[in-house]
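Sequence lines set the chain letters: A, B, ... in the order given, protein chains first and strands last, and positions in each chain run from 1. The shown structure was predicted, so the numbers you read here are calculated from the model rather than taken from an experiment.
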2 protein chains.
Amino acid sequence: MDLRQLSTPGAVVDLDRLERNAAWMANRAKDLGVSLRPHVKTHKCVEAANLQTGGLSRKITVSTLAEARAFATAGFDDITYAVPLSPDKIPACAQLQKQTRTFHVLLDQPETMVALEGYGAAHGLQFSVFLKVDCGLHRAGVDPASPEAVALAGRLHRSNQLDFRGILTHAGQSYRCRNRSEAAAVAAHERDVMVTFAATLRGEGLAVAEISIGSTPTITAADRLPGISEVRPGNYLFFDAFQTAIGSCSVDGVAFSVLTTVIGVYPDGRRLVVDAGALALSKDPGPTHVDPDCGFGVVVSERDCRPVSGLKVTSLAQEHGVMHSDGPLDPAWRPGTRFRILPNHSCLAAACFDTFSVVRGTELVDQWHPVRGW
Amino acid sequence: MDLRQLSTPGAVVDLDRLERNAAWMANRAKDLGVSLRPHVKTHKCVEAANLQTGGLSRKITVSTLAEARAFATAGFDDITYAVPLSPDKIPACAQLQKQTRTFHVLLDQPETMVALEGYGAAHGLQFSVFLKVDCGLHRAGVDPASPEAVALAGRLHRSNQLDFRGILTHAGQSYRCRNRSEAAAVAAHERDVMVTFAATLRGEGLAVAEISIGSTPTITAADRLPGISEVRPGNYLFFDAFQTAIGSCSVDGVAFSVLTTVIGVYPDGRRLVVDAGALALSKDPGPTHVDPDCGFGVVVSERDCRPVSGLKVTSLAQEHGVMHSDGPLDPAWRPGTRFRILPNHSCLAAACFDTFSVVRGTELVDQWHPVRGW
């Protein structure tokens, strides 16, 4: 079956590019001397995670308990749930801990620690825990310069119910970078903050087995990561228009696209309307800090994914995508003409679909079904 | 079962409010002397559409063929597919036409008309067609002042394979209004454009059985709609933070919310992190033209949906929602505290969920499963 036979809007995964991205990051981790624990939240597919882990079904990062359950069922046995735990989710984590060889949670709230400890004591369980650290994003995590951070690590370390695995951060501020050298600076900062904090903890007699960092921009750009034990990038497997804009990859590295059909041609307005709207691309605004007029993704040709010069997705309604051309419309663009769009943010666009059509070139070779919900 | 037992993030439908909104719009259409063909794209649930149509299972508007198939299977027998048809979707529409008493499509492209006519001739089918009109949104539709618009209506009218039902528009520019009186002006314009265009067509001897208009802001605000035969609002059943900002409804009219749990409390930053991120709320930026700092929805209390003063959803990552308070954090906000968020755009937020928990007050009374995909 060929790409041409797929209905639109549709999610397309380019398997050649995916394999290239997977191998590239595996080698990169090896070169940097760190262990790779890829995040699966971008694709949420077992098949893709198998490529990321070299078929070992080990060491992944998840963003939801639904992902954790699905990947545990598929045999992945060393999983980090990388969103800070809240007390209500402890019973579900206990279940996952029984289902896997190792299930790591993270926290930064003393109150959550007390709840986890209490649950462990009541049920005779020991939980593997990372202390979540804020290295500058100011979203979640303890301030590594604060005495409270050291105190919480000490409590984790001393608890009978908790196995203090180490410290973990995500330098999400890398998404504010404009190029690879800025991302390299964030990577160095992320590394420095964590290695310094680990030294402080070790100086207090607290063992820190793991120092886990990661985001696709920082791991792509990092020069060296001495002292770091593992990295958790995820977006790199698909990449997207955002990552091309900040220099993490080139346009021909993007492995995920949304196939779409032209439903209206309006030459007077130099406008096309396509059937990929906000429910197929998400409303992620994209790299507006690099290009305020970036629109909603990069338009490429249906069959060979070559960028279509001068054509931009300018607005999205629920089921309408509006494109404008900076010159007169190409007369070849008619109702029924198809394009692919490299979305601004593949993690959010991929979540719009229940099925990914997996292609090599234009040949459909597989269909994958991502995990949904929580 | 009570709201308290639901896991988060979760979609909650307030059935009392929903019923009130359904009855209110049904009465409004009656007062305006127009037929109501509600759009189901906001909720995509048969149960909700039954409330909108007074249990008659008739006359609905859909945004995808997947919705059309699901609602036709559930017995809805008069369906308008209100996204301009493209040639590749004709066979699916033919199937739907056989499955329903009446299935209306819309088009604005001569080329699509020719394809539809050709398919009809080859398969012995007649299609019910609306001419899509642009009344100022400049997304899709013919320019009603152009000779091409009259010519296309004439071709539709004369075709043996096509039953020209009338003209249809959507004044989506109403979403740029800042209040109800501005929306009333857009409604008057929408009505005037369509009635004038119908008169032109009738002057050319072309019968125009239906004049269909509609958006929630315009139908909510319209003074009178003489000459209009039907309206197609959809969002009104749920409403959302956007509609409250432009005056379509009050906060206690919003029937859809996202239940969320606090996972982190950061007093120094006057910040909370919750477990509803971009995959639970969508990244719709909301009514920024009314309030540039509107954030990502209105935070309300878990149990009685009262607005939580001074607390705003300031940013969204995939599974993290960040809230900031304009004063010191309330000490009652702890890990595990729950809120509801009235999302900026309920159509996009609802599409994030496979299940809606339907409540009366805080009691769970039903679970609904929206249609997904295309």
Legend entry - B:Phe353-B:Trp368 aromatic ring centre distance below 6.0 Å: no
Legend entry - For chain A, the option from B:Val273, B:Thr112, B:Leu279 that forms the most heavy-atom pairs under 4.5 Å: B:Leu279
Inset, instruction - Would you please indicate yes or no on a ring centroid separation below 6.0 angstrom for B:Phe242 and B:His289? - result: yes
Legend entry - A:Pro285, part contacting chain B, at a heavy-atom distance under 4.5 Å: side chain
Legend entry - A:Pro335 portion near chain B, given a 4.5 angstrom heavy-atom threshold: both
Legend entry - A:Tyr175 versus chain B, the contacting section by heavy-atom distance below 4.5 Å: neither
Legend entry - A:Leu316 portion near chain B, given a 4.5 angstrom heavy-atom threshold: neither
Legend entry - Side-chain donor-acceptor pair present, A:Ser174, A:Ser215, cut-off under 3.5 Å: yes
Legend entry - Side-chain (B:Arg372) to main-chain (B:Ala351) donor-acceptor, under 3.5 angstrom: yes
Inset, instruction - Look at B:Gly336, B:Ala278, B:Ala280, B:Gly172 and state which one has the largest set of heavy-atom pairs under 4.5 Å with chain A. - result: B:Ala280
Inset, instruction - Please state whether the side chain, the backbone, both or neither of A:Thr8 comes within less than 4.5 Å of a heavy atom of chain B. - result: both
Inset, instruction - State whether the side chain of B:Gln243 and the backbone N or O of B:Asp240 hold a donor-acceptor pair below 3.5 Å, judged by distance alone. - result: no
Inset, instruction - State, to 0.1 Å, how close B:Arg155 and B:Pro110 come at their nearest heavy-atom pair, and which atoms those are. - result: NH1-CB, 3.9 Å
Inset, instruction - Below 4.5 Å from any heavy atom of chain B, which atoms of A:Asp88 appear? Answer side chain, backbone, both or neither. - result: side chain
Inset, instruction - Sort A:Asp108 into side chain, backbone, both or neither according to what part of it lies under 4.5 angstrom from a heavy atom of chain B. - result: side chain
Legend entry - Whether A:Thr42 side chain and A:Tyr236 backbone form a donor-acceptor pair below 3.5 Å: no
Legend entry - Heavy-atom proximity to chain B below 4.5 Å, by part of A:Ala92: neither
Legend entry - Contact leader toward chain A among B:Ser315, B:Gly269, B:Pro87, B:Ser282, where contacts are heavy-atom pairs under 4.5 Å: B:Pro87
Inset, instruction - Tell me, for A:Val262 versus chain B, whether the close heavy atoms (under 4.5 Å) come from the side chain, the backbone, both or neither. - result: backbone
Legend entry - Under 3.5 Å side-chain donor-acceptor pair for B:Thr314 and B:His324: yes
Legend entry - Contacting moiety of B:Leu65, where chain A heavy atoms sit under 4.5 Å: neither
Inset, instruction - Against chain A, label B:Pro84 side chain, backbone, both or neither, depending on which of its atoms sit under 4.5 Å from a heavy atom there. - result: both
Legend entry - Which of A:Asp354, A:Thr64, A:Thr355, A:Val322 touches chain B most, by non-hydrogen pairs under 4.5 Å: A:Asp354
Inset, instruction - Pick one of side chain, backbone, both or neither for A:Arg139, based on which atoms fall under 4.5 Å of a heavy atom in chain B. - result: both
Legend entry - Under 4.5 Å from a heavy atom of chain B, the part of A:Lys89 involved: side chain
Inset, instruction - Check whether A:Ser63 gets within reach of chain B through its side chain, its backbone, both or neither, counting any heavy atom under 4.5 Å. - result: both
Inset, instruction - Mind listing the closest non-hydrogen atom pair of B:Ala82 and B:Leu106 along with its distance? - result: CA-CD2, 3.3 Å
Inset, instruction - Answer with yes or no whether the side chains of B:Asp275 and B:Thr260 bring together a donor and an acceptor at under 3.5 Å. - result: yes
Legend entry - Closest-packed option against chain A by number of heavy-atom pairs under 4.5 Å, given B:His320, B:Lys132, B:Lys283, B:His138: B:His320
Inset, instruction - Look only at the side chain of B:Gln318 and the backbone of A:Leu348, and say whether a donor-acceptor pair between them is shorter than 3.5 Å. - result: no
Inset, instruction - Look at B:Cys352, B:Gly373, B:Ala115, B:Gly277 and state which one has the largest set of heavy-atom pairs under 4.5 Å with chain A. - result: B:Cys352
